[in-house]
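Quantities reported herein were computed from a predicted structural model and do not represent experimental measurements. All chains are named by letter (A, B, ...) in the order of the sequence lines, taking the proteins before the strands, and each is independently numbered beginning at 1.
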Amino acid sequence: MDSVRTRFAPSPTGYLHIGGAWTAFFNWLHSRHYGGRFVLRVEDTDRSRSTEQYEAAILEDFRWLGILWDEGPEVGGPYGPYRQTERSELYARYAGELEERGAAYPCFCSPEELEEERRRASAERRPHRYSGRCRSLSPPERERMEAEGRRASLRLRVTDLAEPIVVSDLVRGSVVFEPEHLDDYIIVRSDGTPLYNFANVVDDHLMGITHVIRASEHLPNTPKQFVMYRALGWTPPAVAHLPMILGADRKKLSKRHGDTAVREYRVQGFLPEAILNFFALMAWHPEAEKEIYSLDELVAAFALEEVGRASPVFDFEKLTWLNGVYMRRLIGADIDRVVGICAGVLQREGLLPGDVDAEQRAYLKRVVTIVAERLRTGRDIVAYGDFFFRDVVFEEAAAAKHLTRQSAPLLEAYAGALSALDPFERVGIEAALRGVCARSGAEARALIHPARVALTGRTIGPGLFELCEVLGRERSVDRLRRAALIASRA
RNA sequence: GCCCCCAUCGUCUAGGCAGGCCCAGGACACCGGUCUUUCAAGCCGGCGACGCGGGUUCGAAUCCCGCUGGGGGCACCA
């Protein structure tokens, strides 16, 4: 049996989208499961919307996710080039062949005329199909059109079809399309550039793609493409249409649903391994009562037949939870990676300079060490540890509740005790607090809570004594005194 | 308007192809409790679903039909 070859074919008109990444991942899993190859192909035939910047960004995002391609841009391969704008001769050759055989014909209708046809059909509540006006133009008629300066597009002749097109979809089963609903569609623009349904077929065939795994929005394209395969005398690949990922309103996931670019998740401090694990839980679930999977497990378990047909709603909360699971695992395994992620977040927030020196790096690492177990995403470092990197900003409710007049002398006494403490370490910091409370007959909590607010501005955060140690004597004492002053005026 | 797809807790899903092991299992979220200097994590417990109607069958979440609901597509975009 021929080796499995799958592909993902993004068009560089925006950043890599969650839905695209998910689709690509399933392609990748399928190829890996069978020891095949995964190809990346850039579909940039729409020159007006494609940019090199987006292409570069997409490749970068794939690399970040760890979805690496065996063939494609930047890595090459035996079936290149892998960018459609560099494959023009190929399309021209097959378009010419189709036209020569009469399987395709030039159409002189202008976009405006076609738009008018569609508008009328819509007004008369008829299905929108091409009228077939240029279908049987005689050679003299064609010459006349050309003399008028009209530039022809090329249409595939599909209306002759008698039997239905049956698509055997690996996830959906058999889907039947009746020929009367198909029409002659344009395969080459009047400027000579190929359209999706044409270039896609030519490339998939020439690149030896065995399995086309894509989103179900493409299902209606499949019969058109099957007609193309037939016209070219080629055997179509196996196809599988994945469901579409939906937003909370059950509409196709898009920008209006919030963060849909993979890049956004990177910026927020998500882990690629968590995202990939999460991907495996949409329209699939390898084992009934297990949520966490290694990549190897996913590769071993992947089976297109097990993929669901219903469209999942993107569950951001669950992704966040999963990321937290991976984050906590990382603390023991590779704390420096967590530090790096937090550094990125803090820099974007302007809490850390762009160039971090050795001393700042060491400090950051101590901070991360004591807050890490609370981080679900890198972004959480801001909520739990911003006060390490800037002056305290008091939360109004927290200050009102804990910086009371009774707490003022305790805070003041604690500041005094800490200023004399040496070494300035956790154990001594705690003992000092308990000592202050014992001497004034107060319970420890009567000082612990105000002290937390004094040092962090909030009621939540890492352990008080650890954070105090990391903050250092000077800042801790200053903050306690300042809070004592505020409390005394309460 | 036409074509196509889909349908289990609020959400992601297991189960459906081989009907009884499912008065439906797990996870997220939520709500209690526990631990605790706070939060988080952990642990214990709770809430919560087979869209509706017909069939087939001794028996249906599972098979069939209809309905309803949702989604996608109908470009010289991909």
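- Nucleotides B:rA61 and B:rU8, compared at atom C1', are 7 Å apart to the nearest Å.
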Practice prompt. Verify ring-ring contact (aromatic ring centres under 6.0 Å, His included) between A:H205 and A:Y94, making sure each step is shown before the conclusion.
Written response: CA-CA 12 Å; A:H205 179 260; A:Y94 291 105; 7.8 Å; no
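- Near RNA chain B, meaning a heavy atom under 4.0 Å away, the residues from residues 430-457 of chain A are A:I448, A:H449, A:R452.
- Here the closest heavy-atom approach between residue A:L156 and residue A:A231 is recorded as CD1-CB, 4.2 Å.
- Nearest heavy-atom pair across A:T23 and A:A215 is CG2-N, 4.3 Å.
- A:L464 comes within contact range of at least one nucleobase, with a heavy-atom separation under 4.0 Å.
- Among the protein residues, A:S190 comes within range of the nucleic acid bases, having at least one heavy atom under 4.0 Å from a base atom.
- Atom name C1', nucleotides B:rC65 and B:rC74: the rounded distance is 29 Å, in whole Å.
- A heavy-atom distance below 4.0 Å to RNA chain B is reached by these residues of residues 174-183 of chain A, ordered by number: A:V175, A:V176, A:F177, A:H181.
- The salt bridge (Lys or Arg N to Asp or Glu O under 4.0 Å) pairs that include a residue from residues 176-200 of chain A are A:R135-A:D184, where partners are two or more places apart or lie in different chains.
- The footprint of chain A on RNA chain B, defined by a heavy-atom cutoff below 4.0 Å, extends from B:rG1 to B:rA78.
- Residue A:I186 is classed as a base contact, given a heavy-atom separation below 4.0 Å to a base.
- A salt bridge links A:E116 with A:R120: the closest approach of a Lys/Arg side-chain nitrogen to an acidic carboxylate oxygen falls below 4.0 angstrom.
- Side chain of A:T369 to backbone of A:K365: a donor-acceptor contact under 3.5 angstrom is found.
- Residues A:P312 and A:R155 both approach RNA chain B. Their nearest nucleotides, taken by heavy-atom distance, put A:P312 toward the 5′ side.
- Of the residues in residues 319-334 of chain A, those lying under 4.0 Å from RNA chain B by heavy-atom distance are A:W321, A:R328.
- Using P as the reference atom, B:rA75 and B:rC3 are 16 Å apart when rounded to the nearest Å.
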Worksheet item: Does the pair A:Y326 and A:N277 meet the rule for a side chain to side chain donor-acceptor pair (under 3.5 Å), with working shown?
Response: CA-CA 10 Å; A:Y326 275 85; A:N277 190 149; 2.5 Å; yes
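- Counting any heavy atom pair closer than 4.0 Å across all strands shown, A:P462 reaches a base atom.
- Smallest separation of non-hydrogen atoms from A:V42 and A:P73: CG2-CG, 3.6 Å.
- Residue contacts for A:R118: at a heavy-atom cut-off of 4.0 Å it reaches the sugar-phosphate backbone alone, with no base atom in range.
- Shown here, B:rA40 forms no base pair; nothing in the strands shown gives a Watson-Crick or G-U wobble contact with both key distances under 3.5 Å.
- Within the nucleic acid shown, A:K252 comes within 4.0 Å of sugar-phosphate atoms alone, with no base atom in reach, counting heavy atoms only.
- Using a 4.0 Å heavy-atom cutoff across all strands shown, A:E217 reaches sugar-phosphate atoms only and no base atom.
- One finds the OG1 atom of A:T320 at 8.5 Å from the CZ atom of A:F278 (value rounded to the nearest 0.5 Å).
- Pair assignment for B:rG66 gives B:rC52, based on Watson-Crick or G-U wobble hydrogen-bonding distances that are each under 3.5 Å.
- Using a 30° and 60° split on the angle between ring planes, A:Y265 and A:F270 fall in the perpendicular class, above 60°.
- For the atom pair A:I486 CD1 and A:T404 OG1, the distance stands at 12.5 Å (nearest 0.5 Å).
- For the C1' atom pair drawn from B:rG59 and B:rA40, the interatomic distance equals 49 Å after rounding to whole Å.
- The same atom, P, is picked in B:rG1 and in B:rG46; the two are 49 Å apart, to the nearest Å.
- Under the 6.0 Å distance and 45° angle rule, A:R458 does not count as a cation-pi partner of A:F387.
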Discussion item. One pair to check against side chain to side chain contact (heavy atoms under 4.5 Å, CB included): A:L467 and A:R452. What are the steps and the verdict?
Written reply: CA-CA 9 Å; A:L467 79 84; A:R452 170 182 302 286; 4.0 Å; yes
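- Comparing the C1' positions of B:rG19 and B:rA60 gives a spacing of 6 Å, expressed to the nearest Å.
- Contact annotation for A:H241: no contact, since no heavy-atom pair falls under 4.0 Å across all strands.
- With both pairing distances under 3.5 Å, B:rC2 is matched to B:rG73 as a Watson-Crick or G-U wobble pair.
- Residue contacts for A:F314: at a heavy-atom cut-off of 4.0 Å it reaches no nucleic acid atom on any strand shown.
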Item to complete: Test A:F302 against A:W284 for ring-ring contact (aromatic ring centres under 6.0 Å, His included), laying out the working first.
Response: CA-CA 9 Å; A:F302 191 76; A:W284 188 40; 5.1 Å; yes
Discussion item. Could you go through A:E117 and A:R133, starting from their C-alpha distance and side-chain angles, then the distance that decides it, and tell me whether this counts as salt bridge (Lys or Arg N to Asp or Glu O under 4.0 Å)?
Written reply: CA-CA 11 Å; A:E117 272 189 17; A:R133 200 162 6 161; 3.2 Å; yes
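- Nearest heavy-atom pair, A:P127 versus A:A121, reported as atom, atom and distance to 0.1 Å: O-CB, 3.8 Å.
- Rounded to a whole angstrom, the distance from the P atom of B:rC67 to that of B:rC4 is 14 Å.
- Looking at A:F25, A:W22, A:F38, A:F62 one by one, the single match for ring-ring contact (aromatic ring centres under 6.0 Å, His included) with A:F8 turns out to be A:F62.
- Across all non-hydrogen atoms, the minimal contact from A:V171 to A:G308 is CG2-O, 4.3 Å.
- Residue contacts shown for A:D315 include a base, since a base heavy atom lies under 4.0 Å away.
- Mapped onto RNA chain B by nearest heavy atom, A:R172 and A:E43 fall at different nucleotides, with A:R172 at the one closer to the 5' end.
- Spacing of C1' atoms, B:rG42 relative to B:rU36, comes out at 12 Å, to the nearest Å.
- As judged by a 4.0 angstrom heavy-atom cut-off over every strand, A:R189 is placed among the base-contacting residues.
- Residues of residues 105-117 of chain A that place a heavy atom closer than 4.0 Å to RNA chain B, in numerical order, are A:C109, A:S110, A:P111, A:L114.
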